[in-house]
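Notes follow the structure.
No experiment lies behind these values; they were computed from the predicted model shown. When a residue number appears, it is its place in the shown sequence, counting from 1.
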Amino acid sequence: MNPSGGGGGSGNKRKRQDMGRLAVCNSLSKEERMVYDVIRAKGEMGIWTGDIQRETASIPIPKKIYDKALENLVVKGLIKRFTNIRSKARKFFIASEYQPSQYLTGGDFYTDQGNLDSHFIHQLNERCLYYLSTHELPATIDAILEYCTSSRVFKFQITHQILKVILDNLVLDNSVSEVRSTGDFAHDIPIGSLRYTSKGKDKKVDRSKGAMASIPCGGKYKGAVIHSFIGTFGEFWEEIPKDMYKDSEDRYRTWYFPNHDFTLMVIWSRFLIAGEERMVNGSGTSIFDLYLDKVDDDWAKELPDLDYAIISAFKHINKCSRKTLALFRTFAAAHFENGVWNTGGYCNKTSPINEGEVDFGRFEWQLRNAQMKEFERARNEGKKKGQRFEVLDVTRAMLRRPDGHPGEYWGNRWMKGYNDCTHWCLLGPVDMWSELLMAVLKREDRI
């Protein structure tokens, strides 16, 4: 082994690279040299194209020549483009010898396109929680890092810095606790060192109730609907997916079918559009100001990365990219009898009703017709832009299924005495949604 020889080889390689860059620089035109010098002077912060033009304004460069200079500098390997997550709409360039600052790129938690790498974050969350839940004693970050690295799930190296951010967020989510080592159990760990333990392993499961005694459903994610989707895809592909992620409030979920490289995500939004709660003396009022012309970024930011998006129809779906097949789900009616949710209304039917018993003059059917009219308009406009829309028209079928709601068995301990005749929490009726979805995807040759 020759340490000095290894260092010399590295130095020679770097020297050859510098000489090669110098040779390319000597071949630049006057305009290319001006643009390159401005970009290189910014170091790891790079520069926006608009600022390049301003800084070269002393000797104006015609736009065609300016654009060609940028193109040639990229081809010659002297500069490269990168995405600034704080200004995605603008083109930023940096000299090839530099790496963009993590302040601009978001670091390891963002893709090269500047999108939050939610799949990576969910995977790492899941690994940390699994490790901590299966170990009785609190674990050090080194032990968790060794486990995550040895799992071979991740495509690039996990660092202490990345893992610390993940663990800090799990602590904020109340899924993990931080403790300081006292030296009681692990004498090789210095007293006062930070360790982590899962809160989930301390929870006791109440097995005294029957399976249908309490049905978790409602304002978070529609459990029965999602599990129906999972069952339908699992049966079609003959594969059981991995449960990859669940947040502390059960609003965001991720499952993964590894044999088909297919990810199913539940993305929660309160209103789909932007909304702000009115506050009085620092307390929420449950009254919201809604902005009909502004989409809720919490879910819309995921759209560019999706191949399929299933949503109740509304105008902002035109934000989907061309690769995304957007599927509209029409309105599914509630089935209160003799009142509504807060006036004693109930839904105790246990079987479907005949179509002749359905009142097609009611508001829900009129709303469905309005949705279909808007859908056809959106589909026709989308075709001109290369966008693809399909519809899951469930309204007629669901008007006949008053047996699909949990009623008095919805299990909300804060609102006893009320019935849930709105949410579709029972398997059976919602299985038809999965079958419709599968039929549409087969017709589109997407699976």
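For Phe328 and Phe389, the gap between ring centers is short of 6.0 Å. Here the two rings, on Phe262 and Trp237, have centers that are under 6.0 Å apart.
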Given salt bridge (charged side-chain N to carboxylate O under 4.0 Å, His left out), test Asp51 with Lys42 step by step and report yes or no.
CA-CA 11 Å; Asp51 289 334; Lys42 300 303 177 182; over 6 Å; no
Any chance you could lay out the side chain to side chain contact (heavy atoms under 4.5 Å, CB included) test for Met398 and Met432, step after step, and finish with the verdict?
CA-CA 9 Å; Met398 303 317 282; Met432 185 272 292; 3.8 Å; yes
Just do the side chain to side chain contact (heavy atoms under 4.5 Å, CB included) check on Leu264 and Phe233 with the steps written out, would you?
CA-CA 10 Å; Leu264 176 64; Phe233 281 101; 5.6 Å; no
Could you go through the side chain to side chain contact (heavy atoms under 4.5 Å, CB included) check for Tyr196 and Ile144 one step at a time?
CA-CA 9 Å; Tyr196 300 88; Ile144 302 170; 4.2 Å; yes
For Leu441 and Tyr308: C-alpha separation, side-chain torsions, deciding distance, then whether side chain to side chain contact (heavy atoms under 4.5 Å, CB included) applies.
CA-CA 9 Å; Leu441 296 181; Tyr308 319 99; 3.8 Å; yes
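At distances below 3.5 Å, at least one donor-acceptor pair connects side-chain atoms of Thr149 with backbone N or O atoms of Leu145. In this structure, Asn419 contributes its side chain and Glu408 its backbone to a donor-acceptor pair below 3.5 Å. In this structure, Asn354 contributes its side chain and Gly356 its backbone to no donor-acceptor pair below 3.5 Å. Not a single donor-acceptor pair under 3.5 Å links the side chain of Thr140 to the backbone N or O of Arg195. Ser96 places a side-chain N or O within 3.5 Å of a backbone atom of Gly77 that can act as its donor or acceptor partner. Between the side chain of Glu239 and the backbone N or O of Asn259 there is at least one donor-acceptor pair closer than 3.5 Å.
Heavy-atom minimum distance, Thr343 versus Val340: OG1-N, 2.8 Å. A pairwise comparison of heavy atoms in Phe82 and Gly46 identifies CE2-CA, 4.1 Å as the closest pair. Between Leu272 and Ser269, the shortest heavy-atom distance links the atoms N-OG, 2.9 Å. Across all non-hydrogen atoms, the minimal contact from Thr422 to Ala334 is OG1-CB, 3.8 Å. Between Pro406 and His423, the closest heavy-atom pair is CD-O, 3.4 Å.
Legend: residues meeting salt bridge (Lys or Arg N to Asp or Glu O under 4.0 Å) with Lys242, ordered by chain and number and at least two apart, are absent. Every residue was checked against the ring pair (Phe, Tyr, Trp, His ring centres under 6.0 Å) condition with His160, not counting sequence neighbours, and none meets it. For the side chain to side chain donor-acceptor pair (under 3.5 Å) test, residues two or more places apart in sequence or in another chain that qualify with Arg401 are Asp403. Under the salt bridge (Lys or Arg N to Asp or Glu O under 4.0 Å) criterion, Glu390 pairs with Arg379, Arg443, sequence neighbours left out.
Tyr147 is listed as a side-chain neighbour of Arg127, based on a closest heavy-atom distance under 4.5 Å. Between Leu194 and Ile141, the closest side-chain pair of non-hydrogen atoms is not below 4.5 Å. Within the 4.5 Å cutoff, side-chain heavy atoms of Ile52 are placed close to those of Tyr66. Contact check for Ile39 versus Leu70: side-chain heavy atoms found under the 4.5 Å cut-off. The shortest distance between side-chain heavy atoms of Val74 and Glu71 does not fall below 4.5 Å. Within the 4.5 Å cutoff, the side chain of Val176 has heavy atoms near those of the Leu132 side chain. Looking only at side-chain heavy atoms (C-beta outward), Arg81 and Lys91 come within less than 4.5 Å of each other. With a 4.5 Å cut-off on side-chain heavy atoms, Trp365 and Thr395 count as touching.
Atom CG of residue Leu399 and atom CZ of residue Arg368 lie 10.0 Å apart, to the nearest 0.5 angstrom. To the nearest 0.5 Å, the span separating CZ on Phe271 from OH on Tyr291 amounts to 11.5 Å. Note that OH of Tyr131 and OG of Ser198 are 12.5 Å apart. Values are rounded to the nearest 0.5 Å. The distance from the CD1 atom of Ile273 to the NZ atom of Lys294 is 11.5 Å, given to the nearest 0.5 Å. Here CG of Leu167 is found 8.0 Å from CG of Leu124. Values are rounded to the nearest 0.5 Å. For the atom pair CZ of Phe93 and CH2 of Trp48, the computed distance is 13.0 Å after rounding to the nearest 0.5 Å.
Crowding of Ile240 atom CD1: a count of heavy atoms from other residues, nucleotides or ligands under 6.0 Å not exceeding 12. The neighbour count for Tyr130 OH, taken as heavy atoms of other residues, nucleotides or ligands under 6.0 Å away, does not exceed 12. In Lys80, the NZ atom is crowded: over 12 heavy atoms of neighbouring residues, nucleotides or ligands sit closer than 6.0 Å.
Identified under the disulfide bond (SG atoms under 2.5 Å apart) test for residues 260-292, with sequence neighbours left out: none. Note on residues 345-358: pairs passing salt bridge (Lys or Arg N to Asp or Glu O under 4.0 Å), not counting sequence neighbours, are Glu337-Lys349, Glu355-Arg396.
Checking each of Leu392, Thr232, Val394 against Trp433 for a side-chain contact (heavy atoms from CB on, under 4.5 Å) leaves exactly one that passes, namely Val394.
Using a 4.0 Å cut-off between charged nitrogen and carboxylate oxygen, Lys385 and Glu381 do not count as a salt-bridge pair. Residues Arg253 and Asp243 are paired through a salt bridge, judged by an N-O separation under 4.0 Å between the basic side chain and the carboxylate.
In this pair, His405 and Trp424 present their aromatic rings tilted. The plane angle is within the 30 to 60° band.
Taken as a pair, Cys421 and Cys347 meet the criterion of an SG-SG distance shorter than 2.5 angstrom.
Side-chain contact check for Ser177 and Thr197: no donor-acceptor pair (N or O, by modelled atom type) lies under 3.5 Å. Under 3.5 Å, the side chains of Tyr256 and Asp261 contain a donor-acceptor pair of N or O atoms. Asn342 and Tyr418 form no side-chain donor-acceptor contact under 3.5 Å, judged by distance and modelled atom types alone.
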